[in-house]
Amino acid sequence: MNVPITSLRGVGTWIAAQLKNLGIETVADMLLHLPTRYEDRTQLLSLGELQAGAPALFAGTLQNVEIKAGKKSSLLCLLNDGTGAIVLRFFHFSPAQIKQLQIGSVLHCFGEVRDGYYGLECVHPEYHILSDANPAPEIAQHLSPIYPTTGKVSQKLLRGLVQQALDFHPLPEKLPAFLLQQQQLMPLMQAINFLHQPPKNTPLAALGTGQHPAQRRLAFEELLAHHLSLRSLRHRVELAQAPILANSQLLIPQLLNNLAFTLTGAQQRVFQEIQQDLQLTRPMQRLLQGDVGSGKTIVAALSALQAIEAGYQVAIMSPTELLSEQHLQVFSHWLTPLGIKISGLSSSLRKTQRVKALEEIASGDCQIAIGTHSLFQETVNFAKLGLIIVDEQHRFGVHQRLALRNKGLQSGQSPHQLIMTATPIPRTLAMSVYADLDTSIIDELPKGRTPIQTVVIPSARRGEIIERIRHACLEGRQAYWVCTLIDESEVMQYEAAANTAEMLRETLPELRIGLVHGKLKSKDKAEQMQAFKERELDVLVATTVIEVGVDVPNASLMVIENAERLGLAQLHQLRGRVGRGAVNSFCVLLYQFPLSETAKSRLATLRETCDGFLIAQRDLELRGPGEMLGTRQTGVFTLKVADLQRDQALLHEVQQVAEHLLINYPENCEILIQRWLKRGLDYGEV
Ligand code: ADP
Ligand code: MG
């Protein structure tokens, strides 16, 4: 099944290494290494038939050769075949080349034909001079595939290898015939053969859109393999035993009683779903989706209590130290009065503190451990871990999540897992990315929130905005000023933020201005956040470190610089830092003039709506799923053939077929996963 690429003739270690760079290690990989485009060399056109605007294969007799002097001298060769003429134009040429171009010789050429000064012309065609020793090349029987490659592997080599693979190592069909028929899918090898060697007269346009039945067949199988992979992972976890966490009789009612608010209907509903899961012996694998500010943290705290009352520990993982610090505070505020002991494992702990914390976690003295992914990287041993909560999972990436899950899975035992995210993912996409999880959605914001008013303003008018900040802060409100520099190093980000803070301090001497950025020690970060929370600061200048989770309800104004350079989902996240209290909130998106049309329409989306799902949908349309899920997610969703956006319509069927295969053809599932994902999904370190 996994025939190594070195079984093909002509593949030694050097070529094998080059192919590996292209992701080709097996013969199957070679067959699934599909052309990015095609050239039509199936017809030798007479010069009279040539049309400008398309690449073509043509031949003619050389009638004239001359060097045209000018700013950029060029070599012009006139070909004629009795039906028409064409000029070949070369900007780079050598004396040796000119010597070969004898008047009267016949040339076979391939190149893009265009309208030129002298009629039709072709710039730098590939050409072949006919002679007795050099007869005319054979006319291709198929469209010529052009493969993705590095400089070191030629098209010719790839074509040869593909040919061998097609001839001697066809891939076995793993979709049962009735499914092929039901889904109107082409047989596998027919599709693969077609795409490597499309027959003459296949319209290139159909292939270009990726909608050809052959492409559809492979896209279907690829999406299916991904889906199966997530499902089989889920299945593996389901086989493990989880602790039964019975409903809490004491702690949860106490916390609810102490809260300054009552849960929204949506919070109650999703918590019930979680409670039911926690009472099963099967590990919970639940995704909690809820827009920014919808109140996921309290749901996490309630879930934690259920585990704790049952005698288990809880690990809470967040993507940034800043968020961990905040969680430490919020959870302490809620749970310390109930006698619960919480440890924060941040990098700012002194050695002795850290050792102590680790001891308490290992002995079971401490019931909740809060930290970043380092929680699972290092030697943190839990006495009795019952529940893992991952906050803002979209910042972690799919394979980290999966690696984490494997980590929890020990000797057939697994803690329950609650995964929370504020990045609403359109349903079809969620079906593939989170195919291994059950989903709960908080679709309601707490009462009393006023919608955030968003304005889009050129950066040149920042003076007005600064005045507005002065005004708001003197009235007792607080503001964030977010400095973003995409693509720049963290150092530059830091400098930009430091400069802005300096500028604001000068312009607004009556206000207290703080600064947080990624390079601050987490203790200092926490101090600045705390000061801001306690209203000892009026304005917090920040880099995008505050993007996730930060919660300061009195902050009601946010300025985001270079907004045009951020993704919609990220802007929505940032903006979600305001609008958490009852006062009117504003978000100012500053941009550098001029704005492109797409940038305009993206920023307009934010101005028009605060609905995270709508924004996500727009983001998906404007940028495509790869961008939207972020590069952090690529580990899993680097698709070879399929395109989550274009092939959305297949996802529903994929799900159904997966269901059927898992039950009736489990061995086929394994092979399909191997074929498309090689190592499966359980790779990667947290
Ligand atoms: P997110 O879902 O973005 O993590 P948080 O859990 O941080 O949101 O909640 C945002 C704010 O709303 C917090 O200040 C939280 O205390 C508050 N909150 C949560 N639930 C409610 C509720 N039912 N009623 C009023 N305020 C709530
Ligand atoms: Mg949160």
Side-chain angles (χ1 to χ4, degrees), residues 252 255-272 274 286-305 316-335 337 370-372 389-396 418-425 439-452 477-478 480 529-530 532-535 544-556 558 569-583 585 587 610-613 615-616:
I252 289 178
L255 174 58
L256 289 175
N257 214 14
N258 294 351
L259 280 183
F261 53 80
T262 48
L263 298 185
T264 62
Q267 284 169 320
Q268 285 174 21
R269 175 172 45 76
V270 302
F271 183 53
Q272 263 168 24
I274 294 167
R286 189 167 284 279
L287 177 73
L288 174 54
Q289 275 193 301
D291 209 346
V292 279
S294 62
K296 295 183 289 297
T297 321
I298 185 65
V299 175
L302 293 168
S303 312
L305 285 181
I316 301 177
M317 180 168 95
S318 40
T320 65
E321 293 249 336
L322 197 58
L323 194 51
S324 278
E325 289 292 340
Q326 179 179 292
H327 278 335
L328 185 59
Q329 280 185 21
V330 174
F331 279 81
S332 302
H333 172 73
W334 281 335
L335 306 185
I370 299 182
T372 61
I389 299 174
V390 182
D391 195 14
E392 306 294 355
Q393 111 78 24
H394 65 285
R395 291 293 300 261
F396 284 108
L418 178 63
I419 287 145
M420 309 201 290
T421 182
T423 299
I425 295 190
T439 309
S440 296
I441 299 181
I442 304 187
D443 51 5
E444 175 188 358
L445 292 181
K447 279 194 207 63
R449 300 271 170 86
T450 45
I452 305 165
R477 276 173 282 160
Q478 291 169 283
Y480 294 99
M529 281 314 299
Q530 193 56 27
F532 189 59
K533 219 168 227 179
E534 286 170 9
R535 303 200 192 182
T544 45
V545 293
I546 62 148
E547 172 195 341
V548 289
V550 167
D551 182 41
V552 180
N554 189 52
S556 62
M558 166 160 289
Q570 197 182 7
L571 286 168
H572 180 62
Q573 279 283 327
L574 279 167
R575 177 172 66 176
R577 301 308 115 221
V578 296
R580 302 186 149 234
V583 287
S585 292
C587 176
C610 282
D611 178 333
F613 278 90
I615 289 171

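Atoms within a ligand are numbered from 1 in the order they appear, just like the ligands themselves. Nothing fancy with the numbering, it's 1 onward along the sequence.
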Mark the output for Ala422 as yes if a heavy-atom distance to ligand 1 is under 4.0 Å, and as no if none is. no
Near [X], which atoms of ligand 1 are under 4.0 Å from a heavy atom of that residue?
| X | result |
| --- | --- |
| Leu263 | 23 (N) |
| Val292 | 3 (O) |
| Thr262 | 22 (C), 23 (N), 24 (N) |
| Thr264 | 23 (N) |

Any idea which protein heavy atom is nearest [atom], and the distance to it?
| atom | answer |
| --- | --- |
| atom 4 (O) of ligand 1 | Thr297 OG1, 3.5 Å |
| atom 20 (N) of ligand 1 | Gln267 NE2, 2.9 Å |
| atom 17 (C) of ligand 1 | Arg449 NH2, 3.7 Å |
| atom 9 (O) of ligand 1 | Gly295 CA, 3.5 Å |
| atom 22 (C) of ligand 1 | Phe261 CD1, 3.2 Å |

For the residue pair Val578 and Tyr480, what are the closest heavy atoms and their distance? CG1-CD1, 3.9 Å
What is the minimum heavy-atom distance between Leu288 and Leu418, and which atoms define it?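 In this case the closest contact between Leu288 and Leu418 is CB-CD1, 4.1 Å.
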Donor-acceptor contact present, side-chain Glu444 to main-chain Thr264, <3.5 Å: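 Absent.
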If you measure every N or O of Gly293 against every N or O of ligand 1, does any of those distances drop under 3.5 Å?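 Min N/O separation from ligand 1 is below 3.5 Å for Gly293.
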With side chains defined as the heavy atoms from C-beta onward, is the minimum distance between [X] and [Y] less than 4.5 Å?
| X | Y | value |
| --- | --- | --- |
| Lys533 | Gln326 | yes |
| Arg449 | Ser585 | no |
| Arg577 | Met558 | yes |

Counting heavy atoms only, which of Lys296, Lys447, Arg580 comes nearest to atom 7 (O) of ligand 1? Arg580
Heavy-atom nearest neighbour of atom 15 (C) of ligand 1 within options Asp291, Asp551, Val552: Asp551
After noting the C-alpha distance and the side-chain angles of Asp291 and His572, does the key distance pass the side chain to side chain contact (heavy atoms under 4.5 Å, CB included) rule? CA-CA 9 Å; Asp291 209 346; His572 180 62; 2.7 Å; yes
Contacts of Phe271 that satisfy ring pair (Phe, Tyr, Trp, His ring centres under 6.0 Å) - sequence neighbours left out: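 Partners of Phe271 by the ring pair (Phe, Tyr, Trp, His ring centres under 6.0 Å) criterion come out as none, since no residue qualifies.
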Could you list the residues that satisfy side chain to side chain contact (heavy atoms under 4.5 Å, CB included) with Thr262, not counting sequence neighbours?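 In terms of side chain to side chain contact (heavy atoms under 4.5 Å, CB included), with neighbours along the sequence ignored, Thr262 is linked to no residue.
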